[in-house]
Amino acid sequence: MNFIINKINKILDKILIKKFKIKKFKFFIYNNYLNNQYGDVYINLSTLYFLNSKQQQEIGYIIGKKIINKLKKYIKYYRIINNNLNIYYNNYFYLKIIKLLFKIKFNKLLISNKNRKKKILIDYLSPNSNKPLHLGHLRNIVIGNTLANIYKSLGYKVIESQIINDRGIHICKCILSYKLFFKNKKNIKIKKGDHFVGKLYIKFEKELNKEINYLIKKYNINKNEAYVKSKLLKLVNIELIKWENNNIKILSIWKKLNNLVYKGFKKTYNKLNIKFNEILYESKTYLLGKNKILENLNNIFFLNTYDKSIYYLYKNKKIIVLRKNGTSLYITQEIGTLLYRIKKHKKLFNIIYVVGNEQSDHFNIFFEIINKLKICNIKLYHYSYNTVNYLGKKIKSRRKINNIILIDELIKYLNKIIKKKFFNKKINKKKILNLSISAIKYEFLKINPKKIINFNINNILNLKGNTGIYIQYTYVRILSIVNKLNNYKLKLNNIKIILENNEKTLIKQLIDNKNIIKKTIKTNDTSILINYIYNISKIINNFYNFNKILKIKNLKIMEIRLIISKIILKFLYFNMKIINIPILKKI
RNA sequence: GGUCACGUAGCUCAGUAGGAUAGAGCAACUGCCUUCUAAGCAGUUGGUCACAGGUUCGAAUCCUGUCGUGAUCACCA
């Protein structure tokens, strides 16, 4: 949108090639948002390192003059300070941009026809069906969902996909726990299904622990030996075998418990305002992929002659892809699921796996295999993010259930805090929830996915400063002004107002929206977008405080500020939708 | 031990493609609510960018090494 930078670039190219015969050189034009002394954009002349500083300055002056000549309309003047060529926009430039921004629809800003027909599948959640969603999942959800929203805003068709791990020993533990410890209590109240099943799991683990300790004392043996002797473990394995043999009784409990969990999950998704348009279940996909491997035996995959398992050779390591008993593994399933998706969604352009960085090896192997199998031309990408630590330790979702904070619990804590803060004002439950959700999402998005999050409940409970609530608050404040002037008819022609510095800074930054979003995708870093929104919000609040609108007598100034306010609303609305932070009309 | 991340203010984090005096929030301290919504605004204090070398006109940023933290290295998913 910043047409000036394009024009400056063209001028730079011409001068360098024609006057100085420097062909393979490109200046980088920097934006300056902070320092009012320096130009709105600047070029660092030192990048012409092959010339001495006198020559650099000479070139600087020539470029400066040329730019002034060509772009008189938009540029006030240029200065060379500390070997930087600073270029200053004039008032007309800002007014022109304001007019542009006022007309433009932000949600159509990024859409290009190139992307319109392209389908992208984003696989961003794979919960186990034996426990509620927790902080570890939250990072996954928030990043995946934001990514999906960005691609949608670019015009792609996006499939948001999750695959639920609904089979295996973990769920059998819940089934057994239900049979042994809960079934006879007819008056069980189930508020939220996933929490109930989670309790079943904890109960089992507790009982197992008791038994193991008992065995260790009684027989004076070590832990591993006790595991072998454990009756509970034996029983669980029997359940698992029954499940694999399609035992009707087991299957019916299994279905019952899973459905409870899915209902619970759905409630949590609703709170977070996310929707998946593809839900896969491992019980249905775990047999896929086996045939593909057998088809390519001796060609890509090889047989272990001594035990008849099948492996793939990755960096001289044998990676087993089919067990000796012929059953599938994680990687086998991954291949199968891909085959399934290719069939189901025709013309997929791209699949993005938003999965923790601990699985980067898995994906490297997976992608290499897919490459060799020549299954498809779809671009596959592992969007990896780092772990969430709690109390100094990584949250391990697979085995342990204690030492984690559930998403629902976190929301509850926050709701309480927010309710207290609003002691005197009327505020309904839904608004409290929306505030909590925004605080939570924002907290996870604002940190670069590459970095470990050391989760501290106090950070998120402190609702000051750089938080999701701040962004919402900014929106609400501006909205209240605009609402009060709802009937005012604006005339866009012949605005001739000299803008304030904060207004200029604001406009300069607003122009960057498109680039920032593109960069967010390019670098796989949601914190870029968040920081951008936050920085602009700070300027907006400064604007709110100093550039009064309702109280100003000069109608023309009031009008231009109203226009800027409307642009701000459009901007925030658009970007809040992308990071999926709820918009509060009024607190 | 191999591989891959990360180390910036007391704490949590930004830092454009290597480029001007390294920026925010929290915490601490000053001001501002009869004010378009104070969950806000304006300001003060706070830095050997882990350490050591190298590349470069120029390094928080690139390279090498050391130290520290974490992840991973299953016929688990």
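Note on naming: letters A, B, ... go to the chains in the order of the sequence lines (proteins, then strands), and numbering restarts at 1 for each one. Note that these values count all heavy atoms, side chains included, but never hydrogens, waters or copies made by symmetry.
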| Is there a donor and acceptor pair, one atom on the side chain of A:Tyr38 and one on the base of B:U21, closer than 3.5 Å? | yes
| field | Closest to side chain of A:Asn466, choosing from B:C76, B:G25, B:G19 | value | B:G25
| Is the shortest distance from a Lys or Arg side-chain nitrogen in A:Glu500 or A:Arg561 to a carboxylate oxygen in the other one below 4.0 Å? | yes
| message | By the rule that syn is within 90° of 0, classify the base conformation of B:C26 as syn or anti. | response | anti
| message | For B:A42 and A:Asn542 - does any side-chain N or O of the residue sit under 4.0 Å from the phosphate oxygens OP1/OP2? | response | yes
| Separation between the P atoms of B:G40 and B:G2, rounded to whole Å | 49 Å
| note | Here the distance between atom P of B:A5 and atom NZ of A:Lys451, to the nearest Å, is 14 Å
| said: Does B:C41 have its OP1 or OP2 closer than 4.0 Å to a side-chain nitrogen or oxygen of A:Arg477? | reply: no
| note | Between A:Lys317 and A:Gln37, whichever has its closest RNA chain B nucleotide further toward 5' is A:Gln37
| request: State whether the distance check finds a donor on one side and an acceptor on the other, under 3.5 Å, for side chain A:Asn86 versus base B:A20. | output: yes
| field | Minimum-distance nucleotide to A:Tyr42 side chain [options: B:A24, B:A20, B:G40] | value | B:A20
| said: Is it true that A:Asn515 and A:Tyr532 share a donor-acceptor pair across their side chains at a distance under 3.5 Å? | reply: no
| request: Tell me whether the OP1 or OP2 atom of B:C76 has a side-chain N or O from A:Arg167 closer than 4.0 Å. | output: no
| request: Identify which nucleotide among B:A5, B:A14, B:U37 has an atom closest to any side-chain atom of A:Ile447, counting heavy atoms from C-beta outward. | output: B:A14
| Does A:Tyr470 put a side-chain nitrogen or oxygen below 4.0 Å from OP1 or OP2 of B:C41? | yes
| request: State whether A:Lys315 places a side-chain N or O below 4.0 Å from either non-bridging phosphate oxygen (OP1 or OP2) of B:C73. | output: no
| field | Selection residues 547-558 of chain A - residue pairs positive for side chain to side chain donor-acceptor pair (under 3.5 Å), sequence neighbours left out | value | A:Asn502-A:Asn547, A:Glu503-A:Asn547
| Polar contact flag, side-chain donor to acceptor under 3.5 angstrom, A:Ser438-A:Gln472 | yes
| said: Stem list for RNA chain B, please, built from Watson-Crick and G-U wobble pairs under 3.5 Å and keeping only runs of at least 3. | reply: B:1-7 with B:67-73, B:10-13 with B:23-26, B:28-32 with B:40-44, B:50-54 with B:62-66
| field | Any A:Ser480 side-chain N or O less than 4.0 Å from OP1/OP2 of B:U37 | value | yes
| message | Could you check whether any side-chain N or O of A:Arg79 sits under 3.5 Å from a backbone N or O of A:Ile87, counting only pairs where one atom can act as donor and the other as acceptor? | response | no
| request: For A:Ile81 and for A:Lys446, find the nucleotide of RNA chain B with the closest heavy atom, then tell me which residue's nucleotide is more 5'. | output: A:Lys446
| message | Looking only at the side chains, is there a donor atom on one of A:His362 and A:Glu334 sitting less than 3.5 Å from an acceptor on the other? | response | yes
| query | B:G40 base stacked by A:Tyr473? Criteria: ring centres under 5.5 Å, plane angle under 30°. | reply | no
| remark: Considering only heavy side-chain atoms of A:Ser527, the closest of B:A42, B:A14, B:A71 is B:A14
| said: Check for me whether A:Arg477 meets the cation-pi criterion with A:Tyr475, that is, NZ or CZ under 6.0 Å from the six-membered ring centre and within 45 degrees of the ring axis. | reply: no
| query | Does A:Arg323 place a side-chain N or O at less than 4.0 Å from the phosphate oxygens OP1/OP2 of B:C76? | reply | yes
| request: Could you work out the separation of B:A24 and B:G15 based on their C1' atoms and round it to a whole Å? | output: 10 Å
| field | Between B:A5 (P) and A:Gln359 (CD): distance, integer Å | value | 17 Å
| query | Do we get A:Lys318 above A:Tyr311's six-membered ring, with its NZ or CZ under 6.0 Å from the centre and within 45° of the axis? | reply | yes
